[in-house]
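Numbers here simply count residues along the sequence, with the first being 1.
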Amino acid sequence: MKRARFVAPAREEFLGDVACHEQVQPGQGVRFAAAVEEATARPLAFPFKSSTAIPTIRRVIIKNFPFSIVY
């Protein structure tokens, strides 16, 4: 199965967000990480299905969190 790769600044932001969510409520960081994992699987399976921000950039919204992944 393919896995998404994040550029270094995005990976650092992701890990910081996981830690922040975990501090706010124990277990929420794990749920956030799982939601990101699920959200990254969608464009890998269907790369042209996500909404377009501009013609060459797409984004997928992370369920239950106010974040999106841009690719």
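Cluster note: Ile69 groups with Phe6, Phe14, Leu15, Val18, Phe32, Val36, Val60, Ile62, Phe65, Phe67 through ILVMFWY side-chain heavy atoms spaced under 4.5 Å, whether in direct contact or through intervening members. Side-chain contacts under 4.5 Å among hydrophobic residues (ILVMFWY), followed directly or transitively, place Phe46 with no other residue at all. Taking Ile, Leu, Val, Met, Phe, Trp and Tyr as members and joining any whose side-chain heavy atoms lie under 4.5 Å apart, directly or through other members, Leu44 forms no hydrophobic cluster with any other residue.
From Cys20, atom SG reaches atom CD of Gln25 across 12.0 Å, with rounding to the nearest 0.5 Å.
Residues passing the salt bridge (charged side-chain N to carboxylate O under 4.0 Å, His left out) test with Glu38, sequence neighbours excluded: Arg42. Among residues two or more places apart in sequence or in another chain, the salt bridge (charged side-chain N to carboxylate O under 4.0 Å, His left out) test is passed with Arg11 by none. Applying the side chain to side chain contact (heavy atoms under 4.5 Å, CB included) rule to Gln23 yields no partners; only residues at least two apart in sequence or on another chain are considered. Under the side-chain hydrogen bond (donor to acceptor under 3.5 Å, both in side chains) criterion, Glu22 pairs with no residue, sequence neighbours left out.
Sequence neighbours left out, the pairs with a member in residues 61-71 that pass side-chain hydrogen bond (donor to acceptor under 3.5 Å, both in side chains) are Ser50-Tyr71.
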